[in-house]
Amino acid sequence: MKRYIVQITIVCSVLLFCTNMTKAAMPSPMKNTYIHDFANVLSANVKEQLNHYSEQLDQGTGAEIMVVTVDSLSGQEPKMYATKMIRSWGIGDKEKNNGVLILATFGQGEGNNDVVIAVGQGLEGPLPDGKLGRILDHAFYPSASEGNIDQAFQATYAEVFRTVAEEYNWNGEVPVGANEGEDMPVWLIILIIIVVLIIYSFFSKGGGGPRAGGFGGFPGSFGGGRSSGGGFGGFGGGSSAGGGASRKF
């Protein structure tokens with residue numbers, strides 16, 4: 001009998017130890033922000049921009065988009081870790097389970113870092129696993145692989161944000177992707193100049209000149225961010241059924 005008691009005690013101790021290790025490995029959410037840059041890889045400007053948009057979306061729809069960066073997942077499987085974080089932090093509305101978590105690690109070395117988008121069950125329809133995988137492939141990976149972390153998160157966040165906003169028919173302020181609205185590439189500007197000169201030369205020889213009004217302006221820079229103006233009420237208590245996608249970068 002004593003032997004069984006000892007064995008049960010050992011098993012319980014191991015389980016308690018593992019539980020405590022898991023809790024210790026997962027950081028606690030900071031107050032008054034949707035952007036938790038524990039790995040310190042995002043610029044202050046981008047954090048302010050994304051936080052502003054998350055706050056507006058939360059106030060307008062009740063959905064919460066959270067961005068988290070950490071050094072590592074302490075050996076845990078990425079999607080499982082992200083699902084646990086959504087549940088532990090209570091991201092999203094408690095009844096609607098409409099939270100989204102964009103999570104990335106930055107301490108495991110190039111090619112071994114993880115990026116995950118996890119969603120609450122209430123958003124698995126508009127954001128199925130396949131779509132999330134495609135977002136990571138064309139929005140996050142290209143910029144992250146070149147070391148442009150700000151752009152990677154801007155582009156990924158914008159894709160997720162638009163989908164959630166459309167799901168709720170929300171017509172508030174929508175962010176643009178990092179590559180949308182940026183200055184044109186130098187080669188494209190040079191090509192346009194050459195074409196303009198050729199057209200100008202052609203019309204000049206014919207006695208005419210280019211018509212007034214000419215050519216439109218180029219797009220501006222990434223949508224200006226504003227720091228959030230307060231009103232953050234904490235996380236609503238949403239959960240997740242495990243929906244999401246992950247990639248290495």
Side-chain angles (χ1 to χ4, degrees), residues 33-37 42-43 45-69 79 82 85-86 91-93 96-104 115-144 148-184 218-229 231-232 235-236 238 240-241 243-247 249:
T33 184
Y34 298 82
I35 313 303
H36 299 75
D37 185 24
L42 297 174
S43 68
N45 184 49
V46 167
K47 285 188 279 191
E48 289 178 2
Q49 289 173 354
L50 302 188
N51 192 67
H52 164 73
Y53 290 122
S54 280
E55 181 179 26
Q56 298 304 307
L57 185 69
D58 188 0
Q59 293 177 352
T61 68
E64 294 178 346
I65 301 178
M66 206 73 58
V67 174
V68 180
T69 70
K79 283 181 63 176
M85 180 169 281
I86 286 184
I91 301 173
D93 181 83
K96 299 178 180 178
N97 291 323
N98 54 357
V100 181
L101 172 63
I102 304 173
L103 168 70
V115 58
V116 190
I117 305 177
V119 300
Q121 194 168 7
L123 289 176
E124 287 184 355
L127 287 170
D129 296 357
K131 181 172 184 176
L132 294 176
R134 291 191 293 273
I135 290 175
L136 291 177
D137 289 338
H138 75 76
F140 187 90
Y141 183 79
S143 294
N148 297 323
I149 304 305
D150 277 350
Q151 290 186 16
F153 276 96
Q154 287 172 340
T156 303
Y157 182 94
E159 293 273 359
V160 172
F161 186 102
R162 289 172 184 170
T163 301
V164 176
E166 289 174 3
E167 175 68 11
Y168 287 96
N169 296 315
W170 188 66
N171 58 359
E173 186 181 6
V174 177
V176 297
N179 295 321
E180 298 177 44
E182 287 189 338
D183 294 337
M184 289 187 178
F218 298 113
S221 59
F222 177 82
R226 296 187 293 274
S227 59
S228 61
F232 179 83
F235 307 137
S240 171
S246 65
R247 294 290 189 271
F249 70 96

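These values consider heavy atoms only, across backbone and side chains, with no hydrogens, waters or symmetry-generated copies.
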Heavy-atom pair with the smallest gap, counting every atom of [X] and [Y]:
X	Y	result
Asp137	Pro142	O-CD, 3.2 Å
Ala118	Ala82	CB-CB, 3.7 Å
Lys47	Asp37	NZ-OD2, 3.5 Å
Ser143	Ala152	CB-N, 3.6 Å
Val160	Leu127	CG1-CD1, 4.2 Å
Ala139	Ala155	O-CB, 3.6 Å

Donor-acceptor check, side chain of [X] to backbone of [Y], threshold 3.5 angstrom: yes or no?
X	Y	result
Asp150	Val46	no
Asp93	Gly62	no
Asp129	Ala245	no
Lys79	Ser246	no

If I take atom [atom1] from residue [X] and atom [atom2] from residue [Y], how far apart are they, to the nearest 0.5 angstrom?
X	Y	atom1	atom2	answer
Leu42	His36	CG	NE2	12.5 Å
Ile65	Ile91	CD1	CD1	11.0 Å
Asn98	Glu124	CG	CD	12.0 Å
Thr33	Asn51	OG1	CG	4.0 Å
Gln59	Trp170	CD	CH2	9.0 Å
Leu57	Arg162	CG	CZ	13.5 Å

Taking the side chain as every heavy atom from C-beta outward, state whether [X] and [Y] have any pair of such atoms under 4.5 Å apart.
X	Y	value
Thr156	Val67	no
Phe153	Thr69	yes
His52	Glu173	yes
Tyr168	Leu123	yes

Q: List the steps and the verdict of side-chain contact (heavy atoms from CB on, under 4.5 Å) for Val100 and Ile117.
A: CA-CA 7 Å; Val100 181; Ile117 305 177; 4.0 Å; yes

Q: Can you label the angle between the Tyr157 ring and the Tyr53 ring as parallel, tilted or perpendicular, going by 30° and 60°?
A: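 If you compare the ring of Tyr157 with that of Tyr53, the planes turn out tilted.
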
